[in-house]
Amino acid sequence: MTTVLVLNGPNLNLLGDREPEIYGSATLADVADTCRDTATDLGWELDFRQSNHEGELVEWIQDAGRAQHDGRLVGAVINAGAYSHTSIALHDAIVGAGLRVIELHISNVHAREPFRHHSYLSPVAAGIIVGFGVAGYPLALHGLHSLITDSATQPIEGA
Ligand code: CA2
């Protein structure tokens, strides 16, 4: 069975703990459970991870690129947290690994501070889910599924 990777970046281990008005009250363990149910429905195994360390995220992206190349992985949903707005290293890792990525943000980053409006991941993501709360995780998994199975959502050349 193929696997889907869900990667979470810095401070997302605090989900459900603080700032519920922005991020909701679900914990990261709750999100993992929801993702596992959705992955099972889509016929995938789930690999769900979180790290506060940029280099560890880079290494996981490199591993994921190899697994995708070997047909063991369908791609990744990545909420890189604040590294989305700062990390050329994550951008380069995604490109270098050739990893199929759906970028995800729980909050609507475009309705927040200007420094959250730019993401180094967006130009190298196949799709982006923003502002749906933690419900964005199953949406992103469904989006990834339709990207690889449904010709209507195949990337348009030059677009
Ligand atoms: O909306 C998102 O998912 C973000 O990626 C979350 C990041 C933020 O830096 C991005 O701009 C948008 C922050 C994750 C921190 O999560 C917390 C959750 C609860 C309490 C404190 C932090």
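Both counts, for ligands and for their atoms, begin at 1 and track the order of listing.
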Rounded to the nearest 0.5 Å, what separates atom CD in Q50 from atom CG in N11?
8.0 Å
Judged by atom type as modelled, is there a donor-acceptor pair below 3.5 Å linking the side chain of E103 to the main-chain atoms of S122?
yes
The side chain to side chain contact (heavy atoms under 4.5 Å, CB included) partner of V109 among R116, H118, H117 is R116
ring-ring contact (aromatic ring centres under 6.0 Å, His included): which pairs involve residues 16-67, sequence neighbours left out?
W44-H145
Going by the side chain to side chain contact (heavy atoms under 4.5 Å, CB included) test, name the single residue among L28, T27, V31 that passes it with V134.
V31
Sub-4.0 Å heavy-atom environment of ligand 1, residues by chain
P10, N11, L12, L14, L15, R18, E19, Y23, N79, G81, A82, H85, H105, I106, S107, V109, R116
With distance as the sole test, does E45 use its side chain to make a donor-acceptor pair with the main-chain N or O of M1 at under 3.5 Å?
no
